[in-house]
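Computed from a predicted model, the values in this text were never measured in an experiment.
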Amino acid sequence: MTDNTIDHHRGHSTEGLEDEVIAQLRSLPDVEVPVGLSKQIMAAVHGRKRSWWRTVIFRLSRPRTVSFTPLKWVPVGAALMVGLFIGFNLDRMSTAPEPSPAQQLAQSENDADVHFKLGRLLLANDKAAEALVHLKQAAHAHPDNASYRFWVGVNFWTLNDFDQEREYYQSALTIDPDYLPAHVYLGHNYLDQGDWQTALGHYERVLQDVPDHPEALFNRGVALRYQGDTALENNAWAAYLDHYDRGEKALQAVTYLNANGNFSFRRIQMGPVEVVKRRISFRPDETVLEGTAHHTLEDIGHLFEQNRRLELHVVAYVANDAQLAKLRAKKVKQHLTDQFDGISPQRIKLSWFDVGETIKMDDHVYQLGSSIHVFATTVEES
């Protein structure tokens with residue numbers, strides 16, 4: 001199968017990885033600064049010659065007017081505080097007593113966390129080679145930490161070393177078989193290598209715990225598309241679209257679905273916004289809306305009500321039955337005006353035809369015996 005548009009499945013960047021692995025990566029602990037550390041530092045520096053690291057901190061702390069995203073700089077603040085802690089203790093090293101085994105272990109864990117956070121900070125700033133040194137050091141110090149090994153794998157992905165990437169994800173799962181971020185990115189890795197079945201297994205594992213995980217939902221469809229199982233592929237696209245109705249991937253998913261001859265979901269242009277919704281359907285030979293149509297019309301109504309510059313067009317098709325097509329178009333209009341007080345009937349235009357709707361998808365032409373096509377255009381305010 002040749003499909004040049006399926007190479008978007010990675011769909012992630014090192015800067016936004018926390019969002020993609022959902023709550024798993026949000027649980028990473030911040031560095032705890034010892035109680036009273038600030039007072040100790042101030043007491044220690046009073047009346048003493050400023051060392052090089054204090055000079056750096058002093059210059060960095062001078063007032064500046066900057067704009068930043070707070071969450072993005074959380075690792076920077078954590079790393080800076082830990083840097084203060086390490087630098088302060090370096091000055092006292094010659095006179096400090098020998099630490100106990102428990103203190104040595106705590107310091108070792110603290111140092112590993114510093115390397116981990118600095119590595120991720122460098123990775124987010126496109127310094128993958130430098131980041132790798134720190135992330136590997138953290139993973140080496142604590143070989144039983146799945147998160148540390150996972151991020152070394154991410155680092156190797158940015159360096160295009162996919163074999164090493166896969167090895168570190170697998171080692172993370174050896175430590176913790178339920179570590180979902182590794183399952184997500186192993187799925188990406190195997191999908192890149194053309195191992196559709198193995199990739200599918202990892203995505204399915206993620207969806208057991210997070211049924212609405214966007215990457216796993218979308219890429220499950222990609223894997224099934226390459227395997228040629230059209231029925232399961234269509235189910236995968238429908239599952240994705242039930243959760244995500246707009247954006248590039250939603251439009252891609254409905255394109256694949258429609259290209260397979262399945263029109264259970266349709267694109268709907270609402271002025272400047274294009275969304276994907278389940279089709280507006282009726283019971284056979286009736287003017288009674290199906291249950292799923294109520295949800296679609298509710299979503300359309302909210303969008304339509306919010307933008308008073310929109311004019312909605314309802315086009316009904318019923319082969320060989322213009323009267324039924326007319327009644328169905330009127331039913332859609334009545335449903336919207338009954339449910340939404342803010343929608344004026346004058347803003348809804350109706351059309352109906354006694355032929356089936358013709359839809360062209362690449363080299364295929366599909367004929368739908370009965371259907372409802374809706375779209376909204378923007379009109380100038382009078």
Side-chain angles (χ1 to χ4, degrees), residues 5-28 71 75 116 119-120 123-124 128 131-132 135 138-139 144-227 232-233 235-244 247-250 252-253 256:
T5 60
I6 298 185
D7 59 0
H8 302 296
H9 63 272
R10 279 277 183 173
H12 61 264
S13 65
T14 55
E15 186 175 353
L17 285 168
E18 289 85 350
D19 292 333
E20 297 180 5
V21 295
I22 308 200
Q24 293 286 326
L25 299 183
R26 294 176 182 168
S27 62
L28 293 172
L71 288 179
F116 176 62
R120 288 183 59 182
L123 198 60
L132 185 61
L135 291 174
D144 59 343
N145 189 307
S147 181
Y148 288 177
R149 302 196 73 79
F150 165 75
W151 278 93
V152 176
V154 173
N155 203 145
F156 274 118
W157 167 64
T158 65
L159 294 170
N160 296 319
D161 189 337
F162 305 124
D163 291 336
Q164 289 265 49
E165 175 198 9
R166 182 168 58 254
E167 179 181 327
Y168 272 91
Y169 295 158
Q170 290 170 334
S171 66
L173 289 177
T174 299
I175 298 168
D176 181 2
D178 296 324
Y179 189 69
L180 297 186
H183 281 294
V184 173
Y185 285 89
L186 256 181
H188 296 342
N189 183 280
Y190 280 114
L191 205 62
D192 285 338
Q193 306 307 313
D195 189 344
W196 325 124
Q197 189 59 41
T198 304
L200 184 63
H202 286 288
Y203 294 136
E204 294 283 6
R205 174 62 190 85
V206 174
L207 293 172
Q208 289 178 15
D209 288 0
V210 189
D212 61 347
H213 191 289
E215 291 295 326
L217 278 173
F218 184 86
N219 290 339
R220 179 176 61 171
V222 173
L224 290 167
R225 184 173 181 82
Y226 275 124
Q227 287 184 313
L232 288 179
E233 177 196 347
N235 289 339
W237 298 135
Y240 180 85
L241 293 170
D242 273 332
H243 288 95
Y244 305 100
E248 179 183 353
K249 287 187 176 179
Q252 187 66 77
Y256 291 147

Tightest non-hydrogen contact, residues A139 and R149, listed as O-NH1, 3.9 Å
pair W237-V222: side-chain heavy atoms closer than 4.5 Å = yes
Taken in chain and number order and not counting sequence neighbours, the residues that satisfy side chain to side chain contact (heavy atoms under 4.5 Å, CB included) with D161 are F156, D163, Q164
Which heavy atom in L123 sits nearest to a heavy atom in A131, and how many Å separate them?
-> N-CB, 3.7 Å
Who are the ring pair (Phe, Tyr, Trp, His ring centres under 6.0 Å) partners of H202, not counting sequence neighbours?
-> H183, Y190
Residue pair H213 / H243, side-chain heavy-atom distance below 4.5 Å = no
What heavy-atom pair brings A128 and N155 nearest, and what distance separates the two atoms?
-> O-ND2, 3.1 Å
For Y185 and V154, indicate whether the former's side chain and the latter's backbone hold a donor-acceptor pair under 3.5 Å.
-> no
Applying side chain to side chain contact (heavy atoms under 4.5 Å, CB included) to L224 and not counting sequence neighbours gives L200, R220, Q227, L232, E233, A236
So, do L217 and L207 sit near enough that their side-chain heavy atoms are less than 4.5 Å apart?
-> yes
Flag side-chain contact, heavy atom, 4.5 Å: R205 against L180 = yes
Do F218 and Q252 pass the side-chain contact (heavy atoms from CB on, under 4.5 Å) test, and can you show the C-alpha distance, the side-chain angles, and the key distance before you say yes or no?
-> CA-CA 10 Å; F218 184 86; Q252 187 66 77; 4.1 Å; yes
Between Y226 (side chain) and D195 (backbone), is there a donor-acceptor pair under 3.5 Å?
-> no
How far apart are the closest heavy atoms of D144 and I175, and which atoms are they?
-> O-CG2, 3.1 Å
Between W151 and F116, what is the ring plane arrangement, given parallel below 30°, perpendicular above 60°, and tilted in between?
-> perpendicular
Check: F150 and Y179 side chains under 4.5 Å, non-hydrogen atoms | yes
Mind running side-chain contact (heavy atoms from CB on, under 4.5 Å) on W157 and R166 for me, showing each step along the way?
-> CA-CA 9 Å; W157 167 64; R166 182 168 58 254; over 6 Å; no
Is the shortest heavy-atom distance from the side chain of K249 to the side chain of Y244 under 4.5 Å?
-> no
How far apart are the closest heavy atoms of L241 and A250, and which atoms are they?
-> CD2-O, 3.5 Å
Correct closest heavy-atom pair for A172 and A182 would be CB-CB, 4.2 Å
